[in-house]
Amino acid sequence: MPLAAAEELAASLKMPLQNLTIALVLFSAYPLAWIYARLPKHAATAKHIFSIAITSFLFLSLVDVFLYFQLLGAALVAYFVVAAGRQSQWTPVGVFLGILSLLSYHHLNNQIINPDPDRSDNTGPVMMMVIKLSTFAWAAHDGTKPKEALTTEQRRTAIHHMPTLLEFLGYSFFFGGWLVGPANDFSEYRRFTRGEHPFDHIPPKGFASLRTFLMGMLTLGIYIQFDKPLSHWYIIEDEFMTRSFFYRLMYINLAGNIVRCKYYGVWKLAEGACNLSGIGYLGPCPSNPQKQIFARVQNVEPLTVERAQSPRAYIGGWNQQTGKWLRNCIYVRLSPVPTEASKAADAAAGRKPKKPSTAFANMATYLASAIWHGFRPGYYFCFLSGGIVTITGQILRRNLRPLVVAPSRLAPYKPIYDFLGWLLTQISLNYICAPFPVYWVANGLRVWSSVYYIVHIWNFAAIVFFTFLGGGAVVKRVGRTLGVVYPGRGGGGAPAAVNGKVLDKSETVLAAEDEAAALLARDSDEVREIKSHERERAAINRKTD
């Protein structure tokens, strides 16, 4: 049996079976992607069969037979439920809760009920299936609604015609992302396998794939080299508390940087194989057609994360495909952004567009993310506190940033503001995420108490000051003395801005959707430009159909 052989190989290498399985799947994906890319461009059926066959073989050989049939059964149930009732908004909710229940069962068994460090945690494929099935269900439901009731992103991903069962299973078990991701939208998979724009003319993929592969190997090498010297587990030892406060704070930050390299490495290796297959191709940059962009299935931007000056920018560069899933399937559903229909209704009634509250959607999204990751308390420490940090970041940016942009007299000092934003963001997120790798309540509290809960204290202090003690009004008075111009009645309210441009009232309303879209996953300017170009092309095609 291949699984027995893999166990023997892992034992001989003194390597956990789970790590060996991930390595075998990731590295085998490259020659498989090379073969896949040579299938006829429009041979969609052959591509579906290839993915299903390869994934089934690897899953049954290296992971778990019983789990494979569980996921196959879940996919079949989701397909027929969606096909029968996609007009109802409760159908995607039911699909999401159903597959999330299966994932929760496995998380509880592996993490709480029967924890065994020598047993592989095979929940990765289930986590990917949660994303794919819930994304598919919502897109199929969106396909039954008029376009005026959809956001631009929902129009892009909406499924207007149900796929065949073979096409759906090809998407669900796509060989390039079934174990650790990346997950992508069904509409993108459909266009890719059918050889539709922009996949009808995919440029040479070798350099893009090699560059991503090398980034993955580099970051994975950094993790392997420094994981033990900078382990989070050292933080909970008594010796750690004998160190100075500055040492403890810097150690937590360095340990956070190192553990992220593990995820950089795995995600970049998976992305490189997808680029080689062609599904990672996004298209030529409209403003520079000579520049070809491979970022469709990009899951992480290490430089964006490490240079982030705000929690939102940090989150926008991290686990992007999961972030988009959380945004589109949870956040936007709980805090709807303006659509053409809602804007028209507001205009007809002569009322101002109401900007939805995001606080509940923020916290619910972080809670869903924690459940998706599992039930170790450290995950909830991380994600719920992450919601607080994100809210604080929005409050501080809204109140303080106008002080350092033109026409403020402090505008020349904006680089200092940017540096402090970077420093506080890195300290905050490394601190907040520190309980994640040490799992349990006592360990998480030990980590945070080692630096006296400093990040929690300054975040709650900022929220209380600006929300309840009138700090925003105080800052505005200071801002006016510095030449800051605040739009709105009586000069109240901080200026809204997107990408550094101050917006007027009408532009602020139109930017609400972009702000919501940027909360959990933010694309680069080039990627946004290409996707906007794709939406325009899709709209033209629909008009001519």
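Just so you know, these numbers use all the heavy atoms, side chains as well, and skip hydrogens, waters and symmetry mates.
Between R156 and E188 there is a salt bridge, since at least one side-chain N of the basic residue sits less than 4.0 Å from a carboxylate O of the acidic one. Of the charged side-chain nitrogens involved, none lies within less than 4.0 Å of a carboxylate oxygen, so that K324 and E153 do not count as a salt-bridged pair.
Under the 6.0 Å cut-off for aromatic ring centres, F173 and F59 do not qualify, their centroids lying 6.0 Å or more apart. Ring centroids of W138 and F96 are separated by 6.0 Å or more, keeping the two rings apart. Between H232 and Y439, the gap from one ring centroid to the other reaches at least 6.0 Å.
Just one residue in the list V300, N299, L326 forms a side chain to side chain contact (heavy atoms under 4.5 Å, CB included) with Q321, and that residue is N299.
The aromatic rings of Y379 and H373 lie perpendicular to each other, with more than 60° between the two planes, well past the 30° mark. A tilted orientation is assigned to the rings of F168 and F136, their planes being inclined by 30° to 60°.
Under 3.5 Å, the side chains of Y264 and E306 contain a donor-acceptor pair of N or O atoms.
Closest of all the heavy-atom pairs between S134 and W325 is OG-NE1, 2.7 Å. Closest of all the heavy-atom pairs between E271 and F294 is OE2-O, 4.1 Å. Residue D121 comes nearest to Q111 through the heavy atom pair OD2-NE2, 4.4 Å, listed as atom of the first residue, atom of the second, then distance. Considering every non-hydrogen atom in both I432 and P435, the closest pair reads O-CD, 3.2 Å. Taking all atoms of both residues into account, the shortest heavy-atom contact from Q70 to H106 is OE1-NE2, 2.7 Å. Contact record, I52 with G170: CD1-N, 3.7 Å, taken as the closest heavy-atom pair.
Using modelled atom types, no side-chain atom of R194 and backbone atom of H42 make a donor-acceptor pair closer than 3.5 Å. Counting only distance, with no hydrogens or angles, the side chain of T164 and the backbone of E167 share a donor-acceptor pair below 3.5 Å. Between the side chain of Y331 and the backbone N or O of G323 there is no donor-acceptor pair closer than 3.5 Å. A donor-acceptor pair under 3.5 Å links the side-chain atoms of R86 to the main chain of I159, judged by distance alone.
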task = Please report the C-alpha distance between R211 and N275 in whole Å, then the side-chain angles of each, then the deciding distance to 0.1 Å, and finally whether the side-chain hydrogen bond (donor to acceptor under 3.5 Å, both in side chains) criterion is met.
result = CA-CA 10 Å; R211 181 180 57 191; N275 287 343; over 6 Å; no

query = Step by step, would you call Y281 with H201 a side-chain hydrogen bond (donor to acceptor under 3.5 Å, both in side chains)?
reply = CA-CA 10 Å; Y281 179 57; H201 294 97; over 6 Å; no

key: From CA spacing to verdict: side-chain hydrogen bond (donor to acceptor under 3.5 Å, both in side chains), S187, D185   = CA-CA 5 Å; S187 60; D185 298 317; 5.0 Å; no

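Taking the ring-ring contact (aromatic ring centres under 6.0 Å, His included) definition, one finds that F199 meets it with F192, sequence neighbours left out.
Interatomic distance, I279 CD1 to N184 CG, rounded to the nearest 0.5 Å: 4.0 Å.
Between P182 and C274 there is a side-chain heavy-atom pair separated by less than 4.5 Å. No side-chain heavy atom of L102 sits under 4.5 Å from any side-chain heavy atom of M129. Contact check for I258 versus I222: side-chain heavy atoms found under the 4.5 Å cut-off. Here the side chains of I99 and L103 are not in contact, with every heavy-atom distance at 4.5 Å or above.
Remark: K132 is positioned above the aromatic ring of Y171, its terminal NZ or CZ atom under 6.0 angstrom from the ring centre and at most 45 degrees off the axis.
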